[in-house]
Amino acid sequence: HVQLVESGGDSVQAGGSLKLSCAASGFTVSTHCMGWFRQAPGKEREGVAAMYVLAGTKFYADSVKGRFTISQDNARNTLSLQMSSLSSEDVATYYCAAADWRACTSAVWDSQAQYNIWGQGTQVTVS
């Protein structure tokens with residue numbers, strides 16, 4: 001059964017840090033383009049970060065560069081997103097997603113249409 005399950009969402013103070021995790025089952029994260037997306041209230045879902053570990057490529061939205069770090073633990077088949085210097089602009093439901101490895105290019109890494117496996121989301125609140 002192919003599945004992604006996010007965890008780690010919480011309410012934090014502005015300026016604080018939080019780490020999100022995503023556990024994959026039924027497939028191997030290291031052979032896929034793995035991404036994080038978020039959807040703020042009243043806004044469309046947007047790409048936050050993505051990576052393809054076998055090519056060593058990582059992509060970040062401009063709004064999170066220098067503050068967020070995407071990583072994988074291949075032994076545990078998990079994806080993570082370390083977030084720091086959080087602000088009200090980061091309040092959203094965060095989703096992890098998986099795509100064919102070829103989606104991890106600068107042109108389409110943040111295109112939702114490329115991703116065919118999605119988690120249920122985890123909520124991040126900043127006060």
Side-chain angles (χ1 to χ4, degrees):
H1 179 60
V2 174
Q3 191 175 17
L4 290 169
V5 178
E6 301 96 335
S7 61
D10 203 348
S11 179
V12 298
Q13 291 188 338
S17 300
L18 198 61
K19 185 175 183 179
L20 305 181
S21 295
C22 176
S25 57
F27 72 102
T28 303
V29 297
S30 62
T31 60
H32 288 71
C33 177
M34 298 300 299
W36 284 98
F37 289 76
R38 67 184 181 185
Q39 186 167 21
K43 295 186 178 181
E44 294 188 354
R45 190 153 54 182
E46 62 176 359
V48 175
M51 66 180 295
Y52 176 45
V53 69
L54 295 183
T57 52
K58 293 185 179 182
F59 306 93
Y60 294 95
D62 288 343
S63 59
V64 306
K65 280 181 182 176
R67 300 189 300 120
F68 290 12
T69 301
I70 189 172
S71 63
Q72 283 184 13
D73 184 331
N74 294 330
R76 297 186 177 186
N77 209 32
T78 59
L79 180 74
S80 296
L81 185 69
Q82 179 68 51
M83 306 183 293
S84 62
S85 301
L86 289 164
S87 73
S88 59
E89 298 295 311
D90 301 311
V91 172
T93 300
Y94 284 72
Y95 301 87
C96 68
D100 181 274
W101 63 270
R102 286 164 287 192
C104 264
T105 68
S106 58
V108 297
W109 72 267
D110 56 349
S111 169
Q112 297 180 56
Q114 299 292 324
Y115 295 79
N116 60 341
I117 305 171
W118 290 85
Q120 83 289 350
T122 187
Q123 180 67 42
V124 173
T125 303
V126 182
S127 59

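Note that the structure is predicted; figures quoted are calculated from it, not measured.
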Exercise. Are M34 and L54 grouped together when hydrophobic residues (ILVMFWY) are joined by side-chain heavy atoms under 4.5 angstrom apart?
Worked result: yes

Exercise. If only atom types and distance count, is the side chain of S87 paired as donor or acceptor with the main-chain N or O of E89 below 3.5 Å?
Worked result: yes

Problem set entry | Donor-acceptor pair, side chain of Y115 and main chain of W109, under 3.5 angstrom | yes

For this session: Would you confirm whether T93, through its side chain, and Q123, through its main-chain N or O, come within 3.5 Å as a donor-acceptor pair?
Result: no

For this session: Take S17 and Q82, measure what side-chain contact (heavy atoms from CB on, under 4.5 Å) needs, and give me the verdict at the end.
Result: CA-CA 8 Å; S17 300; Q82 179 68 51; 4.0 Å; yes

Problem set entry | Hphob cluster co-occupancy, L18 + Y95, side-chain heavy atoms under 4.5 angstrom | no

Exercise. What's the shortest heavy-atom distance between V126 and V91, and which atoms?
Worked result: N-CG2, 3.4 Å

Exercise. So, do C22 and L4 sit near enough that their side-chain heavy atoms are less than 4.5 Å apart?
Worked result: yes

For this session: Please confirm whether the backbone N or O of R45 pairs with a side-chain atom of Q112, one donor and one acceptor, at under 3.5 Å?
Result: yes

Problem set entry | Side-chain (W36) to main-chain (S80) donor-acceptor, under 3.5 angstrom | yes

Exercise. What is the distance from atom CE of M51 to atom CD1 of I70, rounded to the nearest 0.5 Å?
Worked result: 6.0 Å

For this session: Could you check D100 against Y52 for side-chain contact (heavy atoms from CB on, under 4.5 Å), going step by step and ending with a plain yes or no?
Result: CA-CA 10 Å; D100 181 274; Y52 176 45; over 6 Å; no

Exercise. So how far is it from I117 CD1 to F27 CZ, rounded to the nearest 0.5 Å?
Worked result: 4.0 Å

Exercise. Run the side-chain contact (heavy atoms from CB on, under 4.5 Å) check on Q39 and F37 step by step: do they pass?
Worked result: CA-CA 7 Å; Q39 186 167 21; F37 289 76; over 6 Å; no

Problem set entry | Inter-residue atom distance T122.OG1 - L81.CG, 0.5 Å rounding | 11.0 Å

Exercise. Is a side-chain donor or acceptor of D10 paired with a backbone partner of K19 at a separation under 3.5 angstrom?
Worked result: no

Seminar exercise, completed: Which of N74, D73, L79 passes side chain to side chain contact (heavy atoms under 4.5 Å, CB included) with R76? Answer is D73

For this session: Could you walk me through whether R38 and D90 pass the side-chain contact (heavy atoms from CB on, under 4.5 Å) test, one step at a time?
Result: CA-CA 9 Å; R38 67 184 181 185; D90 301 311; 2.9 Å; yes

Exercise. Got V124 and L20 here, is their nearest side-chain heavy-atom distance under 4.5 Å?
Worked result: yes

Problem set entry | Straight-line distance of C33 SG to F59 CZ, nearest 0.5 Å | 7.0 Å

Problem set entry | Interatomic spacing from SG in C104 to CG in D110 - rounded to 0.5 Å | 10.5 Å

For this session: Say whether, by atom type as modelled, one donor and one acceptor occur between the side chain of E6 and the main chain of Q120 under 3.5 angstrom.
Result: yes

Problem set entry | Sidechain-backbone polar pair: N77 side chain, V29 backbone, donor-acceptor under 3.5 Å | yes

